[in-house]
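Taking it in order: structure first as structure tokens, then the write-up.
Note that the structure is predicted; figures quoted are calculated from it, not measured.
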Amino acid sequence: KRENINVQIISADLHAIGGLTPLLNYLKNPNASIRARASEVVSTMVQNNPKCQEIVMEAKGLEFLLLNFMSDPDSTVRAKSLGAISCKKT
């Protein structure tokens, strides 16, 4: 539980210092391993964190993840994107 609180604080801080936009831009990087790693970071940020989920959605992060999930040629990128998408609470 403490780890979850720390992730929530770090995620909010990342957005506050302007780091979310560069992170989401990595979802469009030509290097597949960078796209996959960026998806992992987004997944960690939004997992059980409704505030960060909203922030990522407002920044069009879900659109980038969906695009990668549906059409990325790299299977790891597709899997990591799905993981980030599935963390969204409804």
Would you name the heavy atoms of Ser81 and Asn68 that are closest together and state the gap between them?
-> OG-CB, 3.3 Å
From CA spacing to verdict: side chain to side chain contact (heavy atoms under 4.5 Å, CB included), Leu62, Val56 | CA-CA 7 Å; Leu62 182 59; Val56 168; 5.7 Å; no
Under 4.5 Å between side-chain heavy atoms, hopping through other hydrophobics if needed: is there a path connecting Leu20 to Leu66?
-> yes
Check whether Leu82 and Val77 end up in the same hydrophobic cluster, where Ile, Leu, Val, Met, Phe, Trp and Tyr are linked by side-chain heavy atoms less than 4.5 Å apart.
-> no
So, are Arg35 and Asp74 salt-bridged, with charged N and O less than 4.0 Å apart?
-> no
Atom of Ile85, atom of Phe69 and distance for their closest heavy-atom approach | CD1-CB, 4.0 Å
So which heavy atom on Gly61 is nearest to which on Leu27, and how close?
-> O-CD1, 4.3 Å
Is there side-chain contact between Ile55 and Met57, with at least one heavy-atom pair below 4.5 Å?
-> no
Would you name the heavy atoms of Pro22 and Gly18 that are closest together and state the gap between them?
-> CD-O, 3.1 Å
If you measure from CD on Gln53 to CE on Met45, what distance do you get to the nearest 0.5 Å?
-> 10.5 Å
Salt-bridged, Lys51 to Glu54, with N to O below 4.0 Å?
-> no
Please round to the nearest 0.5 Å and tell me the distance separating atom CZ of Arg37 and atom OG1 of Thr76.
-> 12.5 Å
Interatomic distance, Ser33 atom OG to Tyr26 atom OH [nearest 0.5 angstrom] = 12.0 Å
Output the distance between atom CD1 (Ile34) and atom OG (Ser39), rounded to the nearest 0.5 Å.
-> 12.0 Å
Are Leu65 and Val42 side-chain neighbours, meaning at least one heavy-atom pair lies under 4.5 Å?
-> yes
List the atom of Gly83, the atom of Ser86, and the distance in Å for their closest heavy-atom pair.
-> O-OG, 2.9 Å
For Lys28, does the NZ atom have more than 12 heavy-atom neighbours from other residues, nucleotides or ligands under 6.0 Å away?
-> yes
